[in-house]
Each structure stands twice: as C-alpha cells, then as structure tokens.
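Take a look at the structure set out below.
To find a chain, count down the sequence lines: A is the first, B the second, and so on, and within it residues start at 1. Just so it is clear, the structure is predicted and the values come from calculations on it, not from any experiment.
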Amino acid sequence: MEVVAVIDFETTGLSPAQGDRATEIAAVIVEDGRIVDRYQSLMNTGVRIPAFIEALTGISNTMIRQAPPAAEVMSAVADFVGDYPLVAHNAAFDCKFWDAELERIERKRQQHFVCSLLLSRRIFPLAPSHKLGALVEYAQLPFAGHYHRALADAEMAASLLTRLEAELRGRHRVADVSVDLLRRIQGAPKSQLEKCLAGRARA
DNA sequence: TGCCAGGCCCTCTTTAGGGCCTT
C-alpha cells in the first residue's frame with residue numbers, strides 16, 4: 001500500500017460547528033506496515049476544556065495554556081503529512097476538525113481520508129465493538145500505553161490499519177491493497193465487501 | 001428559553017427510529 005499518515009485529534013468536544021476546538025494532534029507516517037515518523041503536539045486555541053474531557057483525556061487547561069498556538073501547530077502538522085492520504089478512526093470526526101483548523105490558517109486539505117472504523121465494520125464484522133480500544137483487544141494489537149491521547153491513539157489506529165490490510169491480503173487473498181481500494185470498500189454498503197474485492201484475489 | 005454533531009448502519013425499515021463512534 002502507498003505511504004499514508006494516520007492522524008488523531010483530541011478536542012474540547014464533538015463539533016467545530018458548535019465552537020469546539022482541537023487540543024492535541026498527532027500524525028504517524030506508515031510505510032510498508034511500519035511507523036517511520038511521528039508528530040505530536042498539544043495546541044492552545046484559548047477555548048476552555050470541559051472538566052469531563054479533562055478527565056477523559058488527561059489534557060488539562062493548565063497544559064493547554066503552556067502549549068504553542070494552534071495556528072503554529074496546524075501549520076507544522078500539515079507540512080508534516082504533506083499530500084499523503086490521511087487515515088483516522090471515525091474519520092468523519094477528525095476530518096471535520098482537520099478542515100476547520102486548517103481553514104483558520106487559510107489552508108485547504110489536499111488529500112482524501114480513509115476511515116479505519118468503516119473498514120473495521122466491513123472486515124471485522126464479528127468484532128463485539130468497533131471502538132478503537134475494543135478493536136485493539138479483539139485483534140490483539142499492541143497497546144500504546146494510553147487511550148484518548150493523540151499519539152497513542154494514532155499509533156493504535158496505524159496498527160489497526162496494518163492488520164486490516166493483512167486481513168485483506170490473507171483471508172480475502174487480495175493481491176494489491178491500495179488506498180483507492182480501501183476507499184471503495186469503506187464507501188460501499190457494508191454487505192458488499194466481497195463485491196468490492198471481486199477479481200482482486202491472487203491466483 | 002431551550003437546545004445544542006453528524007454520518008453510518010441495523011431493523012420491529014424504506015412515509016423512521018435509535019445505537020454506535022469520535023471528544
């Protein structure tokens with residue numbers, strides 16, 4: 001598969017349209033199933049983190065006050081990922097924040113997103129839950145030490161992506177897994193995985 | 001004042017409702 005960048009945001013809430021902002025971003029570059037580079041930073045947007053999210057992530061308002069400005073961080077992470085395809089767990093969420101934070105620095109996303117949640121629902125239909133943490137346990141992936149911190153979650157999502165790719169190569173005998181194929185799988189109805197893979201099996 | 005996300009996906013569906021998933 002092509003080189004991709006797996007990203008994860010921690011934020012003050014669920015919706016940039018409702019005034020929520022990013023508090024932390026991480027991106028890991030995945031090449032040949034291995035993480036070859038990492039970026040992580042807290043960021044200061046001036047928006048207060050609700051107490052329950054402080055408790056969820058461990059990212060406090062004190063930590064954020066000492067963090068670099070969001071504009072500086074977003075500029076750096078956008079340069080870091082370049083035009084690699086982006087991957088995230090529940091990409092609809094990270095895509096919203098990525099686009100909203102980039103818009104504030106007058107930059108635009110150049111690439112598509114791949115969603116490891118949508119792929120997991122199709123490739124691991126029997127998993128009891130498709131939360132990132134549950135999939136880490138289900139697929140026996142390495143635990144990165146924390147949940148709800150950006151770098152650890154990005155690393156675990158990268159492991160998940162690599163495992164999903166392996167499942168397609170192994171169980172489904174797909175000869176060549178590409179970002180284009182992953183986007184076709186995630187965009188097709190859940191019941192049509194085999195149809196997406198038709199004609200792609202190794203001889 | 002009161003409310004406050006949104007897309008996917010299943011089913012007791014499709015003229016809809018509700019759980020899942022992200023913070």
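- Ile25(A) places its CD1 atom 13 Å from the C1' atom of dT22(B), with the value rounded to the nearest Å.
- Within the 4.0 angstrom heavy-atom criterion, base atoms lie near Gln18(A).
- Residue-level contact check: Phe97(A) touches neither bases nor backbone, having no heavy atom under 4.0 Å from any strand.
- Side chains of Asp153(A) and His89(A) form no contact here, defined as non-hydrogen atoms less than 4.5 Å apart.
- Asp94(A) comes within contact range of no nucleotide atom at all, as no heavy-atom separation falls under 4.0 Å.
- Taking only side-chain nitrogens and oxygens, His89(A) never comes nearer than 4.0 Å to OP1 or OP2 of dC21(B).
- Comparing dC12(B) with dG19(B), their C1' atoms sit 15 Å apart, to the nearest whole Å.
- Using a 4.5 Å cut-off between side-chain heavy atoms of Ile, Leu, Val, Met, Phe, Trp and Tyr, Leu56(A) forms no hydrophobic cluster with any other residue.
- The interatomic distance linking Ile185(A) (CD1) with dC8(B) (C1') rounds to 17 Å, in whole Å.
- Residues Ala17(A) and Pro189(A) each lie close to DNA chain B; by heavy-atom proximity, the contact nearer the 5' end of the strand is made by Ala17(A).
- Tyr138(A) and Phe124(A) have perpendicular rings, their planes meeting at more than 60° on a 0 to 90° scale where under 30° would count as parallel.
- Distance noted for atom C1' between dT14(B) and dC10(B): 13 Å (whole Å).
- Between Asp153(A) atom CG and dT23(B) atom C1' the separation is 10 Å, expressed in whole Å.
- If you take CG of Leu193(A) and C1' of dC9(B), they are 15 Å apart, rounded to a whole angstrom.
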Practice prompt. Would you please test Asp79(A) and Arg107(A) for salt bridge (Lys or Arg N to Asp or Glu O under 4.0 Å) and show each step?
Written response: CA-CA 11 Å; Asp79(A) 290 343; Arg107(A) 290 180 68 160; 3.0 Å; yes
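- Residue Glu10(A) contributes atom CD, which lies 5 Å from atom P of dT23(B) at whole-angstrom precision.
- Between Leu14(A) atom CG and dC20(B) atom P the separation is 15 Å, expressed in whole Å.
- Atom name C1', nucleotides dC3(B) and dC8(B): the rounded distance is 24 Å, in whole Å.
- Between the CD1 atom of Ile53(A) and the C1' atom of dT22(B) there is a distance of 11 Å, rounded to whole Å.
- Contact check of residues 113-138 of chain A against DNA chain B (heavy atom, cut-off under 4.0 Å) returns Leu117(A), Leu118(A), Arg121(A), Arg122(A), Ser129(A), His130(A), Lys131(A), Leu132(A).
- Using cut-offs of 30° and 60° for the angle between ring planes, the Phe80(A) and Tyr39(A) rings count as tilted.
- For the side-chain contact (heavy atoms from CB on, under 4.5 Å) with Glu24(A), the lone residue among Thr11(A), Ile64(A), Ile59(A) that qualifies is Ile59(A).
- Not counting sequence neighbours, the partners of Glu155(A) by the salt bridge (Lys or Arg N to Asp or Glu O under 4.0 Å) test are Arg38(A).
- Residue contacts for Thr57(A): at a heavy-atom cut-off of 4.0 Å it reaches the sugar-phosphate backbone alone, with no base atom in range.
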